[in-house]
Amino acid sequence: MTVVARFAPSPTGFLHIGGARTALFNWLFARHHRGKYLLRIEDTDRQRSTQAAIEAIFDGLHWLGLDPDEPPVFQFARAGRHAEVARDLLAKDRAYRCYATPQELDQMRAKAKAEGRPMRYDGRWRERDPAEAPQGVPPVIRLKAPQQGETLIEDRVQGPVTVANEQLDDMVLLRADGTPTYMLSVVVDDHDMGITHVIRGDDHLTNAFRQAQLYNACDWQMPIFAHIPLIHGPDGAKLSKRHGALGVDAYREMGYLPEAVRNYLLRLGWAHGDAEIISTDEAIAWFDLDAIGRSPARFDFAKLTSLNAHYLREATDEHLVSEILPRLQASAGPVDEMMRERLLRGMASLKARARTLLDLAQSAEFYIRKRPIPLSEKATKLLDAEARARLALLGAAFERCQWHAAELEVAARELAEASGLKLGEVAQPLRAAVTGSTVSPPIFEVLEVLGREEALGRIRDSATQGTSPISAVQ
RNA sequence: GUCCCCAUCGUCUAGAGGCCUAGGACACCAGCCUUUCACGUUGGUAACACGGGUUCGAAUCCCGUUGGGGACGCCA
């Protein structure tokens with residue numbers, strides 16, 4: 001049997017992180033079994049579905065590398081087919097028209113709650129003669145669900161789960177206006193699309209019982225279900241926006257790499273021994289439903305960030321430069337070819353220190369600043385009269401150097417030694433003058449990348465002019 | 001309220017009756033490295049929710065308690 005999996009989001013908001021994980025699991029499962037991974041947009045709620053949300057889902061999936069294997073199916077477009085199945089069921093006496101009004105249903109629920117019974121429709125039109133139908137009330141079509149026995153789901157993650165059929169009521173298939181409900185649409189679409197495995201959030205587990213009844217009523221074979229636990233916030237409660245319930249695009253904006261997000265999501269509720277850093281090929285080879293945990297996982301930004309730092313270090317310098325370029329241009333102005341070259345040469349050291357693309361862009365800014373470069377508060381404080389005097393000496397020494405990191409370092413060490421100073425006492429002012437900050441990649445390497453003219457210029461900008469070197473050292 | 005599901009360090013998890021003195025990762029703390037910050041590296045703190053069984057033996061199986069989550073729409 002060829003595996004056909006699907007991701008079926010409703011376009012009522014962005015592609016959130018939980019949805020992304022569901023998509024990832026479906027994608028991995030399909031790849032692992034050399035099957036297909038499809039996308040279905042569940043847009044039957046015309047009020048809440050938006051084009052913007054549809055675009056956000058496509059973009060988010062694309063960014064994560066989870067594009068479907070076939071063009072997406074739009075559920076609303078299939079409403080006719082859904083209604084046809086409902087009429088079919090009606091003809092086969094497996095469904096019936098119900099004329100209960102919303103007010104009646106409200107009363108039913110209130111009464112059931114007061115009596116401590118399940119809040120269900122009582123089936124009052126199930127066997128009633130349609131001739132008794134009230135005038136002018138458009139009926140809904142309900143499934144004639146079994147009333148005895150129990151319904152069993154052999155869930156691949158949760159194991160066998162059963163519910164007594166008395167707990168379930170006769171669900172609405174077709175609304176009074178003739179449009180299909182979600183339950184009907186999902187079952188018909190999954191069947192028609194040849195879906196073999198339904199991998200989705202735990203919140204659908206109870207829906208699966210009702211869907212199972214529908215499959216039976218249609219005499220269709222049921223797909224295999226796998227309900228994966230939801231992602232919770234750090235406090236164990238529902239994931240809130242503040243805690244990560246954001247659109248995938250928000251993670252992109254925060255400077256996370258898609259590889260990192262995927263790796264993080266994969267390890268949320270799934271593990272393969274002690275493996276932490278998992279490549280896509282490994283994930284495909286190892287992924288299976290059996291290893292999915294049954295308990296909900298809490299979202300943890302710290303671990304995501306740590307993974308991101310790893311993938312940042314693994315990324316090519318070229319790629320990272322192009323990733324941060326737009327951000328740099330926005331914050332520090334246009335970037336010319338020479339600056340781009342500097343970024344490229346400095347990237348190896350820069351990326352080892354960054355955790356997100358945001359960090360990276362910020363820490364790279366000094367490479368593209370025009371003189372005189374802005375100094376941070378700490379850098380300004382560091383550059384007191386004494387430090388500036390040292391800089392003047394250092395600049396003079398550098399003038400005589402071949403412009404290589406190693407040689408510049410020797411010159412600085414010699415100067416420090418001659419003045420009875422520690423290297424840091426010379427290097428820190430130098431760093432402040434050249435990068436505008438007290439924190440940077442190794443400073444002699446920075447000097448080399450920056451180039452003789454620019455570096456010497458920056459040193460001159462901060463050095464004390466016309467002060468006697470002798471007095472300045474003291 | 002009714003039903004369903006879940007329960008190992010702070011977090012993600014390994015663990016499928018003896019390999020467990022409970023392993024790894026993130027976070028945290030300390031040391032080393034070092035011109036700063038990182039990286040790296042060495043070490044450390046830290047968990048089987050509780051109570052009953054079953055068994056020679058239980059983190060692992062069963063029951064209960066507690067705690068958490070989810071579902072109960074003519075939403076999806």
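As the structure is a computational prediction, the values presented were derived from the model and not from experiment. Naming: A, B, ... by sequence-line order, numbering from 1 per chain. As a basis for the values below, the full set of heavy atoms in this structure was taken, side chains included, without hydrogen atoms, waters or symmetry mates.
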* **Check: C37(B) base within 3.5 Å donor-acceptor of Arg353(A) side chain** => yes
* **G51(B): pairing nucleotide in any strand, Watson-Crick or G-U under 3.5 angstrom** => C63(B)
* Structure fact -> Ordered by number, residues from residues 425-432 of chain A within less than 4.0 Å of RNA chain B (heavy atoms) are Ala427(A), Gln428(A), Arg431(A)
* Using the C1' atoms only, state how far A46(B) lies from U13(B), rounded to an integer number of Å. => 15 Å
* Which part of the nucleic acid does Gly269(A) contact within heavy-atom distance under 4.0 Å: base, sugar-phosphate only, or nothing? -> sugar-phosphate
* Using atom CG of Leu266(A) as one end and atom C1' of U13(B) as the other, report the distance to the nearest whole Å. => 12 Å
* How would you label the contact of Asp177(A) with the nucleic acid (heavy atoms, under 4.0 Å): base, sugar-phosphate, or nothing? -> nothing
* Asked: Given A27(B), A76(B), U13(B), which nucleotide is nearest the side-chain atoms of Ser306(A)?
  -> A27(B)
* To do: For Glu84(A), look at atom CD and say whether over 12 heavy atoms of other residues, nucleotides or ligands are found less than 6.0 Å away.
  => yes
* Phosphate contact (G10(B) OP1 or OP2) by Arg298(A) side-chain N/O below 4.0 Å -> no
* Under 4.0 Å between a side-chain N or O of Arg413(A) and OP1 or OP2 of U35(B)? -> yes
Distance-only criterion, 3.5 Å: show the donor-acceptor pairs between side-chain atoms of residues 142-152 of chain A and protein atoms not counting sequence neighbours.
unit_1: Arg142(A); atom_1: NH1; unit_2: Asp170(A); atom_2: O; d: 2.7
unit_1: Lys144(A); atom_1: NZ; unit_2: Asp93(A); atom_2: OD1; d: 3.0
unit_1: Thr151(A); atom_1: OG1; unit_2: Asn165(A); atom_2: OD1; d: 2.5

* To do: Kindly point out which of G24(B), U35(B), U36(B) is positioned nearest to the side chain of Lys303(A)?
  => G24(B)
* To do: Evaluate salt bridge (Lys or Arg N to Asp or Glu O under 4.0 Å) for Arg388(A) paired with Glu386(A), printing each intermediate quantity in order.
  => CA-CA 5 Å; Arg388(A) 286 164 181 270; Glu386(A) 207 176 321; over 6 Å; no
* Which is true for Pro229(A) with a 4.0 Å heavy-atom rule: it touches a base, it touches only sugar-phosphate, or it touches nothing? -> nothing
* For G73(B), which nucleotide is its Watson-Crick or G-U wobble mate, given both distances must be under 3.5 Å? -> none
* Over how many whole Å does the gap from Leu350(A) atom CG to C39(B) atom C1' extend? -> 13 Å
* Asked: Between atom CZ in Arg46(A) and atom C1' in C74(B), what is the gap in whole Å?
  -> 17 Å
* **Shortest non-hydrogen contact from Leu38(A) toward Ile195(A)** => CD1-CD1, 4.2 Å
* Residue whose closest nucleotide on RNA chain B lies nearer the 5' end, Asp43(A) versus Arg267(A) -> Arg267(A)
* To do: Would you classify Tyr264(A) as touching base, sugar-phosphate or nothing, given that sugar-phosphate means primed atoms plus P, OP1 and OP2, and contacts are heavy atoms under 4.0 Å?
  => nothing
* Tell me what Arg355(A) touches on the nucleic acid: a base, only sugar-phosphate, or nothing, going by heavy atoms under 4.0 Å. => sugar-phosphate
* Asked: Quantified in whole Å, what is the C1' atom distance between nucleotide C50(B) and nucleotide U45(B)?
  -> 25 Å
Distances under 3.5 Å between protein N/O atoms and the N/O atoms of nucleotides 4-9 of chain B, please, pair by pair.
unit_1: C5(B); atom_1: O3'; unit_2: Gln158(A); atom_2: OE1; d: 3.4
unit_1: C5(B); atom_1: O2'; unit_2: Gln158(A); atom_2: OE1; d: 3.2

* Look at the side chain of Asp203(A) and decide which nucleotide, out of G70(B), A76(B), U11(B), has an atom nearest to it. => G70(B)
* **Who pairs with A16(B) - Watson-Crick or G-U, where each distance is under 3.5 Å** => none
* With a non-hydrogen cut-off below 4.0 angstrom, is Ala176(A) in contact with a base, only sugar-phosphate, or nothing? -> base
* Asked: So what's C26(B) paired with, Watson-Crick or G-U wobble, going by both distances under 3.5 Å?
  -> G10(B)
* Asked: When you compare G73(B) with G18(B), how far apart are their P atoms, in angstrom units rounded to a whole number?
  -> 46 Å
* In whole angstrom, give me the gap between the P atoms of C4(B) and A27(B). => 41 Å
* Measure from CG on Asn207(A) to P on G73(B) and round the result to the nearest Å. => 11 Å
* Asked: Is a salt bridge present between Glu445(A) and Arg345(A), judged by a nitrogen-to-oxygen distance below 4.0 Å?
  -> no
* Asked: Between Asp300(A) and Lys303(A), is there a side-chain N and carboxylate O pair less than 4.0 Å apart?
  -> no
* To do: Considering only NZ, NE, NH1 and NH2 on the basic side and carboxylate oxygens on the acidic side, decide whether Asp169(A) and Arg210(A) come within less than 4.0 Å.
  => yes
* To do: To the nearest 0.5 Å, tell me how far Arg40(A) CZ sits from Ser10(A) OG.
  => 11.5 Å
* Identify whether the distance between the nearest side-chain nitrogen and carboxylate oxygen of Arg81(A) and Asp189(A) falls below 4.0 Å. => no
* Asked: Which is true for Ser440(A) with a 4.0 Å heavy-atom rule: it touches a base, it touches only sugar-phosphate, or it touches nothing?
  -> base
* Between Phe74(A) (CZ) and A76(B) (C1'), how many Å, whole number? -> 16 Å
* Asked: Would you call Glu377(A) and Lys381(A) a salt bridge, using N to O less than 4.0 angstrom?
  -> no
* Asked: So which nucleotide from A27(B), C12(B), A76(B) ends up closest to the side chain of Thr44(A)?
  -> A76(B)
* Asked: How is Pro442(A) classified with respect to the nucleic acid when contacts are heavy atoms under 4.0 Å: base, sugar-phosphate, or nothing?
  -> base
* Nucleotide opposite U36(B) in a Watson-Crick or G-U pair, distances under 3.5 Å -> none
* To do: May I ask you to check if Arg78(A) and Phe74(A) form a cation-pi contact, with NZ or CZ under 6.0 angstrom from the six-membered ring centre and within 45° of the axis?
  => no
* Given atom CG of Leu143(A) and atom P of C74(B), what is their separation to the nearest angstrom? -> 14 Å
* Pairwise P distance for G24(B) and G64(B), with rounding to whole Å -> 36 Å
* Ion pair Asp203(A)/Arg200(A), N-O distance below 4.0 Å -> no
* Is the backbone N or O of Thr101(A) less than 3.5 Å from a side-chain atom of Glu104(A), with the two atoms forming a donor-acceptor pair by type? -> yes
* Pro139(A) or Gly424(A), whichever maps to the more 5' nucleotide of RNA chain B -> Gly424(A)
* To do: Determine the Euclidean distance between corresponding P atoms of U21(B) and U11(B); express it in Å to zero decimal places.
  => 24 Å
* Structure fact -> Rounded to whole Å, CG of Leu268(A) lies from P of A14(B) at a distance of 12 Å
* To do: Answer yes when Arg458(A) and Asp461(A) have at least one side-chain N-carboxylate O distance shorter than 4.0 Å, and no when they do not.
  => no
* Identify which nucleotide among U13(B), U35(B), C74(B) has an atom closest to any side-chain atom of Ile443(A), counting heavy atoms from C-beta outward. => U35(B)
* Counting any heavy atom closer than 4.0 Å, what does Ile277(A) reach on the DNA or RNA strands: base, sugar-phosphate only, or nothing? -> nothing
* Inter-nucleotide C1' distance (A47(B), G10(B)), Å rounded -> 10 Å
* Asked: Using a cut-off of 4.0 Å on non-hydrogen atoms, how would the nucleic acid contact of Glu276(A) be classed: base, sugar-phosphate, or nothing?
  -> base
* **Between P of G40(B) and NE2 of His310(A), the distance in whole Å** => 10 Å
* Provide the distance between the two C1' atoms, one in C33(B) and one in G43(B), to the nearest whole Å. => 15 Å
